[in-house]
Structure formats: structure tokens, C-alpha cells
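Basis for what follows: all heavy atoms, side chains included, without hydrogens, waters or symmetry-related copies.
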Amino acid sequence: MQKALQAIENNRSELIQLSDTIWGFAETSLKEYRSAEASRDYLASKGFRIEENVAGVPTAFTASWGSGKPVIGFLAEYDALPGLSNLPASSKKVPLKEGAPGHGCGHNLLGVACVGAVLGLKAEMEAGNLPGTIVYFGCPAEENYSAKAMMAKYGCFKEVDIAIAYHPGSKNGVQLNSSNANNSLKFTYHGRTAHAGGDPHNGRSALDAVELMDIGSNYLREHIITQARIHYVITEGGMAPNIVPDRAQVWYFVRAPQVQVLRDIVERVKKIAHGAAMMTETEVDILLESGVYNTLPNEVVSQVMHEALVAVGPEPWDAADLQFAADLSANVDPEERKTKAAMMKIDASVPLLSGVEEPSGKGTTMAGSTDVADTSWNCPTCMFGTVTNPWAIPGHSWMIASSSASSIGHKGMIFAAKAMAAAGLRFIQDEALVKAAKAEFNKATEGVVYESFLQHPYPVFPREE
């Protein structure tokens, strides 16, 4: 694997520059035109075949190299989150632009780690004249629209033998846990305006319908499994108190550990929505914006990934890294840090973790959801993370955005790239490993036909300069 590691090291400065460029773009879901273009153009310059507008999504693309089997896929992301803009590598909350997006989940590092991985693996395969195909999947909109689910719907992963998914974080290690299946639904009610003081009897309040739906859904919580989640925000509630609102909207996320359980709960929520419409004499439109499965971890792929992480080894932290991590962590209440350290069973005085943990989480389900899950129901898939931020800071925060443009983030990204290249090489060289991963996958999915939740094409947002 030395050729792969050297190739990544030779391109280190370019990879860091690409990551920082995408960090600066900070484009939100389905608007990542410049971010996708930067990665796409860079990979094209390195000899990769490019396919654009994958699955009908303008910011989705693939970059391929090689031919034949096995096909090794790397799942990249590059979307940012709204409202998390901040100065790079800053321990203070200072937005670059108030209210602007920021990479509060580190997807600039995620996408470019995959760029580094495919460059490294390509170099190794060229040197050894090895057969096989490498595919970089440029997957937009993980945060809101779950583009991997749309890509899965269009069969993008059906020919993939092994898929590797990486995510920046606070630990180095492979996750064997599942995730919650999730539906994102918008309920839009249509009523009739009237003067709220003069003739309220002539109005039919869409806002009343939203509030009645929310009340009904809150009562439903008592009668669903403990692990399920229902949460919502009211996105439209009317224009003025003295006008009966003729339009109101509420946005729901519904989560559950298994797909069928999720489907059942969603049907009950829809019945509540229709009941609220009947009570208020309004009409309701229901839009499923996105939906993902629960993750299906593959232990064969995960073990190979773990061994690659150990073989490559994390990059060492220097004094500046540790000081920045300590300063950034100081934004979190000390008691909260102590509690989190106790839960993680780590030394609270050490701001950055190092070393590689054993694969963890087998048999458990994380509370969140990911569209990597839909890939995992189409081919053997693993998920892992590397340290790109201090363990004490919260996810989806300006602190993550700050760390994602720091030396800590860059080192974690390069480590991930090297480890992914090393793992990919194992599968290229060992057909038996690929067969074992597929046998596990076939057993886990026996009798299950993957059916995407998605029914409608995604909205197309204009490019923002």
C-alpha cells in the first residue's frame, strides 16, 4: 500500500487546498454547484472519467477509473448547513457572514478524503497493473434531501461490490451500529381567509389545522415504540393575527429503527393530518421530501477498514493542535464536558483523542439517520470516522465548522484518505474478501426487496455565485 500512501502524501497540499476551497463555498443541500465542480474538475485532471447529473440531480456526479471487477465505491459528500458560518480555525464565534451557511458537519473534509482515497488507490493499481474499477460517488444533499437514496432508486450502487463511507468526527474507528430509518414530510394546509375580528366564522384556519395535527402527533408518542422519534417545526403560520390563515405548513421528521416500523408510524401520522383537516374544514397536501432506510453494517468490510486504520495510523497532534482543541472546547460548559467524558469513558483533560478504537456499536442503533443506509441495502457497506474535531464540542455547530478548516481537520482527512485507499486495495487484491462481504450481505438482505421511499424528483435550485 506504500504507493497509495505516497500518492496521497504527494498531493497533500492540493487536497488541503481543495478541502478549504469547498469549506469556503459552504453550499447547502442541492445547491453545491461550485463544491461539486471543484471536486469533479480536480478528479478529471487526474484521469478519472466523469458522469454528471447522476440520478437527475445536478450536483451529483461520479468519477471512475479502471475496468472490470471488483468495483470499489467511495461515498463522498460536500453539503454545508445553514447558519453556521464562522472564521476558519477560530476558537471564538465570529461568523464570516451573519446567518450564512457553514461546514458544521465537516463535509468538506469528507468529500476530499474520498478524493485522496481514489487518487491513492489509482496509483497503487497502476503500479501493480491490478484489475478493478474505482468509483468516487459525489453525493450531495445528505443533510436534508438524502441524495444517496435517490441515487439508489436509480440503481447507482447495484454494480458496486464494496462501498466505503467515511465521516469526520471525534474518534478514530469503525461503527458497527445501525441508524434510524427516517421520513421527512411536509404537511401543507389550505383554508380560507377572513377578518379574524369581524367575521371569523367565515374563515377556515390552516394554522388551526397545523396545531391540531401537532397535538394529535404528540399524543401518538405514547403509543409508538420507545426508540421511535417524531419531531417537527412549523414553517408557515400565517401573515398577521387579524387574518385567518388560509395556508400553513408543518415539517416533520419521523424516525424508527426498522423500515417497516417507520412506514407504520408514518401512516398513523398521516391519519392524524387528515383528521386535523376534517376538524377544521381545510385541505392538506402531503409531500415526502426524503426518506432513508436504517443502516445495514457489513462486518467483513468493517473489519478490513479497521485493519487499514490500524496499519496506517493517525497523524500525531502537535502542541498547536492540542491548544486549539482546548480553546475550542472551552466554549462548552465544564460540567457538560465532564458528563460527556464520563459517558465516553475518556480522560476529560485530554482535548483530542488519538489511537484507533476497536469496532463498536454492534447490535445498537444510533439516534440519527443517514442516506448511507440506502447504499448499505444495495451493496456491502461500512462506515468509519477519524478525529477532525475535539470530542467535547457539539455536532452541527459553528465549532465544527471552525475545526473543519483547521490543522486538526486536515490531519484527520488525510488519515481517512490513506486508510480508505489501503482498505480498497485489500479488496482489489483479495477476491475471497469480496465474496465473504457479499455472502454476509446476501444473508442479511434475504427476502427483502429494496424499495426507495422517494416518489418525486428533487427540486432544482438555481446556482448561487
Side-chain angles (χ1 to χ4, degrees), residues 16 18-32 34-36 38-39 59 75-114 139-147 165-171 179 182 184 231 233 251 253 290 324-325 327-333 336-337 340 351-352 366-372 383 385-413 416 461 464:
I16 290 173
L18 178 60
S19 172
D20 285 350
T21 296
I22 292 171
W23 184 94
F25 290 152
E27 297 166 300
T28 54
S29 293
L30 298 181
K31 299 178 182 178
E32 320 96 319
R34 290 177 294 170
S35 301
S39 300
T59 54
L75 308 179
E77 300 165 15
Y78 30 76
D79 56 330
L81 286 159
L84 298 181
S85 168
N86 207 72
L87 286 175
S90 170
S91 61
K92 301 298 181 184
K93 185 178 182 181
V94 185
L96 283 168
K97 181 180 178 182
E98 196 67 45
H103 271 285
C105 205
H107 290 183
N108 61 305
L109 303 172
L110 192 168
V112 178
C114 292
C139 307
E142 187 274 338
E143 296 292 355
N144 282 327
Y145 291 95
S146 306
Y166 160 66
H167 203 289
S170 60
K171 298 191 293 186
S179 62
N182 178 22
S184 168
H231 29 261
V233 292
W251 183 8
F253 274 17
S290 66
F324 172 63
D327 293 343
L328 195 57
S329 299
N331 290 284
V332 181
D333 181 80
E336 290 184 22
R337 296 202 304 268
K340 189 171 183 179
L352 278 176
M366 71 174 185
S369 308
T370 173
D371 59 3
V372 172
M383 292 185 67
T386 64
V387 177
T388 57
N389 55 258
W391 56 265
I393 65 176
H396 286 198
S397 68
W398 67 266
M399 289 172 269
I400 298 290
S402 179
S403 191
S404 296
S406 72
S407 169
I408 296 168
H410 298 152
K411 288 180 177 180
M413 177 187 75
F461 296 107
E464 297 176 354

**Request:** I would like to know whether L96 and N86 meet side chain to side chain contact (heavy atoms under 4.5 Å, CB included); could you show each step before the answer?
**Result:** CA-CA 5 Å; L96 283 168; N86 207 72; over 6 Å; no
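Within the 4.5 Å cutoff, no side-chain heavy atoms of F324 are placed close to those of S407. Considering only heavy atoms from C-beta on, E143 stays 4.5 Å or farther from T28 through its side chain. Side-chain contact check for H167 versus C105: some heavy-atom pair is nearer than 4.5 Å. By the 4.5 Å heavy-atom criterion applied to side chains, S403 and L328 are counted as neighbours. Considering only heavy atoms from C-beta on, W398 comes within 4.5 Å of N331 through its side chain. By the 4.5 Å heavy-atom criterion applied to side chains, E142 and V372 are not counted as neighbours. Side-chain contact check for E32 versus I22: every heavy-atom pair is 4.5 Å or farther apart. You'll find the side chain of H103 stays beyond 4.5 Å of the side chain of I400, heavy atoms only.
Among all heavy-atom pairs drawn from F461 and L30, the shortest one is CD1-CB, 3.6 Å. Here the shortest heavy-atom pairing between C114 and L75 reads SG-O, 3.6 Å. Between L110 and P168, the shortest heavy-atom contact is CB-CD, 3.8 Å. Here the closest non-hydrogen pair linking S29 and N144 is OG-N, 3.5 Å. Contact detail for A392 and V332: the closest heavy-atom pair is O-CG2, 3.7 Å. Of all heavy-atom pairs between P394 and M399, the closest is CD-CE, 3.4 Å.
In summary, the side chains of N389 and S170 do not present any donor paired with an acceptor at a separation below 3.5 Å, with no hydrogens or angles considered.
By the 30° and 60° cut-offs, the orientation of the rings of F253 relative to H231 is tilted.
A distance of 11.5 Å separates OG of S402 from CG of L84, quoted to the nearest 0.5 Å. To the nearest 0.5 Å, atoms OG (S19) and NE2 (H107) are separated by 12.0 Å. With values rounded to the nearest 0.5 angstrom, L109 atom CG is found 14.0 Å from K411 atom NZ.
Under the side chain to side chain contact (heavy atoms under 4.5 Å, CB included) test applied with M413, the options V112, T386, N108 reduce to a single match, V112.
Other residues, nucleotides and ligands place more than 12 heavy atoms under 6.0 Å from the NZ atom of K340.
A donor-acceptor pair under 3.5 Å links the side-chain atoms of D371 to the main chain of A147, judged by distance alone.
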